[in-house]
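What follows is a single structure, written as C-alpha cells, with notes after it.
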Number of protein chains: 2
Amino acid sequence: MVTTKSLIPPRIPCDLCPIGRRPHFRNFTQEELGFVQSFKIGELSVDPGATVISEGERHPQLYTVLTGWGYRYKILEDGRRQILNYVLPGDLVGLQGNLMAEMMHSVEALTRLTLCTFERDKLTTLFRDHPSLAYDLTWIASREESMLDEHLLSIGRRTALERAAYLLAFLDTRAEMTGVFVEGGPNILPLTQQHVADTLGLSLVHTNKTLRKLADMGMVRWLDRGCEVLDQRRLFDLAGWRPTKEGPRPFI
Amino acid sequence: MVTTKSLIPPRIPCDLCPIGRRPHFRNFTQEELGFVQSFKIGELSVDPGATVISEGERHPQLYTVLTGWGYRYKILEDGRRQILNYVLPGDLVGLQGNLMAEMMHSVEALTRLTLCTFERDKLTTLFRDHPSLAYDLTWIASREESMLDEHLLSIGRRTALERAAYLLAFLDTRAEMTGVFVEGGPNILPLTQQHVADTLGLSLVHTNKTLRKLADMGMVRWLDRGCEVLDQRRLFDLAGWRPTKEGPRPFI
DNA sequence: CGGGGCCTTGAGAAGTTTCAAATCGTGTGG
DNA sequence: CCACACGATTTGAAACTTCTCAAGGCCCCG
C-alpha cells in the first residue's frame with residue numbers, strides 16, 4: 001500500500017520558503033515572517049490522484065501549496081463533475097471552509113503536491129495582530145474570485161475551441177508566473193483530457209476532437225498525460241483573452 | 001433627460017441601517033458602528049438599466065447595496081455577455097477593484113438601486129484598527145466565491161432545464177433571506193428572459209423554451225419582466241440543489 | 001397610431017453527446 | 001519474458017440539444 005497523504009513537522013523554515021524567493025511574489029517583513037512561522041504547524045505531502053480536501057467535511061487546517069499541481073472540483077449526485085479551478089504554488093487552499101461550516105468543494109492532487117499546513121484557529125490572531133496579512137487574505141480571496149469570473153464567462157459564452165484555447169493559455173501563463181514548471185524541461189501541463197473536459201463542461205469525446213484541432217493548428221502538443229503549449233500568443237488571440245499583469249503577489 | 005445616477009450625502013445613519021434590522025444579518029458593536037459611519041461618504045441612487053460600475057475603469061469607491069437588485073457581468077469583444085452573479089441588499093460591490101488596478105467586471109441595476117458609498121482609501125484603516133470588520137470582508141469575499149463555484153457547476157454540468165431551475169430557486173431563496181421582496185405583494189424576481197439567458201449561457205430562444213417547460217410544470221409563472229416562483233421545493237429537486245443555511249451574516 | 005421592448009413559436013443548421021470500438025504504452029502477475 | 005489488464009487517447013456514426021434565422025403577438029408609451 002502506497003502512502004497517499006502524510007503530515008510531517010515543519011522542515012522548511014519560512015524565511016527560506018521557496019515561494020518567497022520567486023519573482024512575482026511579495027516579500028514578508030521580519031515581523032510578518034515571525035508570525036507566519038508560528039502559524040505553520042507542518043507540511044503535508046500528497047500523491048497524484050489523492051484527495052486533499054473532501055466536500056462536506058470539516059477541515060481544521062488551511063494550506064498553502066508549496067510545490068505541485070492540484071484542482072478544486074464539485075460533483076453532482078449522479079457523478080457529473082465540474083473542475084472549478086486549479087491550485088499552484090502560492091495558492092491558499094481551504095479558506096472557504098473557515099466561514100462555511102463544511103467544505104463546499106473537494107481538492108485533489110494532479111502531481112505530487114506538497115503543502116504548508118496552518119491552524120485555522122489562529123486566523124483570529126492573524127486578523128487581530130497582523131493587518132497586512134489580513135489584507136493579503138482578502139487580496140487572495142479576491143483574486144480567486146476574478147479567476148472564477150473569467151471561467152464563468154468562458155464556459156458560458158465561449159465556443160468549445162475558444163474555451164480550450166483559453167484554458168490552456170490560462171494554465172500555461174499561470175504556471176510560468178508561478179515558476180512551477182520543472183527547470184530546463186519542456187513546459188508540461190499535467191492534465192488528462194478528462195480533466196480538460198470536466199473543466200470546460202464538455203464531454204470527453206468532444207474535448208478530444210477540440211484539442212485535436214488545436215494540435216493540428218500547431219498551438220499545442222498533446223502528450224500521454226499532459227499538454228505542451230507551443231504558441232501562447234495564438235491561443236490568446238483565439239480565445240480573445242489576455243492575462244492581467246499583477247504586481248508583486250501576496251501569499252501566506 | 002432622466003437622472004440615472006445620483007450621489008447624495010449620507011441620509012441614513014448607520015445605527016438605523018435597514019439591513020442590520022433584518023433577520024439573518026449580524027449586528028455591529030457600538031465601536032464598529034462608529035467606524036462604519038465614518039467610512040461612509042454618501043448614498044448613491046441608480047435607475048433601472050443604468051451602470052454602476054464599468055469594466056476597465058478605476059473606481060475610488062466601494063458600495064454596499066441598501067435596496068434593489070443588480071447584476072455583475074462581463075462581455076467578450078464581440079458583445080457576448082455573461083452574467084456572473086446578482087447583487088442584493090447587504091452585498092458588497094466593487095471590492096475586487098481594490099486589489100486589481102481596474103474593475104474586471106461591470107455592474108448594472110435591475111431595479112432602482114440604492115447603495116451606501118465608502119471610500120476605498122479608508123480600507124487601510126479598516127484593516128489596521130478593526131480586525132472584526134476585516135474578518136467580515138474576507139467572509140464576504142469567500143461567500144461570493146462559493147456562489148461562483150456553484151454557478152460554475154451549474155453552467156458546466158447541468159442540463160438547460162436543471163440550470164434554469166437552479167437559477168430561479170437560487171435567486172428566490174436569496175431574495176427571501178435578504179428580505180428584498182416588497183412586503184405583501186407577490187415575490188417577483190425582476191428579470192427579463194434575456195438576463196436569464198445571459199446567466200445560464202444559453203440563447204434567448206432556447207431559454208424561452210426552457211422557461212416555458214418550467215411554467216407548464218407549474219413551478220414558475222412568467223410575467224412581463226419578471227418571474228414568480230410557485231414551487232421552490234420542486235425546483236430544488238429538479239436542480240439537485242439545496243441552499244446552504246448560513247448563520248448570522250456579516251455586511252459592511 | 002407607430003415604435004420599441006419583450007415574449008413566443010417554427011424550422012433548419014450547427015454543435016455536442018452518447019455509444020461503440022480500436023490503438024497504444026505501462027505495469028503486473030504468471 | 002509474455003500475456004493481460006488498465007488507463008488514456010483516438011475515431012466514426014447516430015441521436016439529441018442548442019443555436020440561428022425569421023416572424024408574429026402583445027403591451028406600454030410618446
Side-chain angles (χ1 to χ4, degrees), chain A residues 1-2 47-50 76 78-83 108-111 154-165 167-168 188-217 220-228 238, chain B residues 1-2 47-50 76 78-83 108-111 154-165 167-168 188-216 220-228:
Chain A
M1 178 71 189
V2 178
D47 283 343
L76 293 171
D78 63 3
R80 284 174 283 176
R81 177 176 76 163
Q82 178 65 41
I83 295 183
E108 192 168 311
L110 222 34
T111 63
S154 200
I155 297 200
R157 288 304 184 201
R158 279 194 251 254
T159 66
L161 196 65
E162 291 168 344
R163 272 185 239 186
L167 176 65
L168 298 176
I188 307 294
L189 309 176
L191 306 165
T192 66
Q193 297 192 352
Q194 184 66 65
H195 291 119
V196 176
D198 287 348
T199 311
L200 302 184
L202 298 171
S203 71
L204 179 58
V205 172
H206 194 61
T207 299
N208 177 274
K209 288 166 181 165
T210 304
L211 290 172
R212 182 108 306 281
K213 279 185 199 162
L214 285 183
D216 290 344
M217 292 188 278
V220 306
R221 171 163 36 223
W222 202 271
L223 313 167
D224 186 27
R225 58 190 63 203
C227 173
E228 182 181 6
L238 178 50
Chain B
M1 178 72 189
V2 178
D47 283 343
L76 293 171
D78 63 4
R80 282 174 284 176
R81 178 177 76 164
Q82 178 65 40
I83 293 183
E108 192 168 310
L110 222 34
T111 63
S154 200
I155 297 202
R157 288 305 184 201
R158 280 194 249 253
T159 65
L161 196 65
E162 292 169 343
R163 273 185 239 186
L167 175 66
L168 299 176
I188 306 294
L189 309 175
L191 306 165
T192 66
Q193 297 192 352
Q194 184 67 65
H195 291 119
V196 175
D198 287 348
T199 311
L200 301 183
L202 297 171
S203 71
L204 178 58
V205 172
H206 195 63
T207 298
N208 176 274
K209 288 168 182 167
T210 304
L211 290 172
R212 182 110 305 281
K213 280 186 197 161
L214 285 183
D216 290 346
V220 305
R221 173 165 34 224
W222 201 270
L223 312 166
D224 185 27
R225 58 189 65 203
C227 172
E228 183 181 6

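What you are looking at is a predicted structure, and each value in this text was computed from that prediction instead of being measured. So that the names make sense, note that chain A is the first sequence line, chain B the second, and so on, each numbered from 1.
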Which comes earlier along DNA chain D counting from the 5' end, the contact point of L211(A) or that of R157(A), where each point is its nearest nucleotide? L211(A)
Which of these nucleotides, dA20(C), dG5(C), dG10(C), is closest to any side-chain atom of K209(B)? dG10(C)
Would you say dT10(D) has OP1 or OP2 under 4.0 Å from some side-chain N or O of R212(A)? yes
Taking CG from D198(A) and P from dT17(C), how many angstroms apart are they, rounded to a whole number? 11 Å
When the distance from CG of L200(B) to P of dC19(D) is rounded to whole Å, what number comes out? 10 Å
Below the 4.0 Å mark, does dT10(D) have OP1 or OP2 next to a side-chain nitrogen or oxygen of N208(A)? yes
What heavy-atom pair brings A109(B) and T111(B) nearest, and what distance separates the two atoms? CB-O, 3.4 Å
Can a side chain N or O of Q193(B) be found less than 4.0 Å away from OP1 or OP2 on dT8(C)? yes
Determine the minimum heavy-atom distance between H206(A) and A160(A), stating which atoms define it. NE2-CB, 3.9 Å
Consider the side chain of H206(B), meaning its heavy atoms from C-beta on, and name the nucleotide among dC7(C), dC21(D), dC19(D) that approaches it most closely. dC19(D)
Is G49(B) touching bases, backbone alone, or none of the nucleic acid, heavy atoms closer than 4.0 Å? nothing
Can you identify which nucleotide, out of dC7(C), dT16(C), dC19(D), has its nearest atom closest to the R163(A) side chain? dT16(C)
Taking all non-hydrogen atoms of both residues into account, name the closest pair between W222(A) and T192(A) and its distance. CZ2-C, 3.9 Å
Only one of T199(A), L110(A), I83(A) clears side-chain contact (heavy atoms from CB on, under 4.5 Å) with L191(A); which? L110(A)
Provide, to the nearest angstrom, the distance between the CG atom belonging to L223(B) and the P atom belonging to dC28(D). 13 Å
Gap between atoms CG and P, on L204(A) and dT18(C) respectively (whole Å): 11 Å
Whichever of T192(B) and L202(A) has the more 5' nearest nucleotide on DNA chain C, that residue is T192(B)
For a quick check of understanding: with a heavy-atom distance under 4.0 Å over all strands, which category does G226(B) fall into, base, sugar-phosphate or nothing? nothing
Taking CD from Q194(A) and P from dT17(C), how many angstroms apart are they, rounded to a whole number? 12 Å
Rounded to the nearest angstrom, tell me the gap between atom CZ in R221(A) and atom C1' in dT9(D). 16 Å
For K213(B) and dT8(C), what is the distance between atoms NZ and P respectively, to the nearest whole Å? 14 Å
Give the minimum heavy-atom separation between L200(B) and R163(B), together with the two atoms involved. O-NH1, 2.6 Å
Go through dT20(D), dC6(C), dA8(D) for me and flag the one nearest to the R225(A) side chain. dA8(D)
What is the distance, rounded to the nearest whole Å, between atom CG of D216(A) and atom C1' of dT11(D)? 13 Å
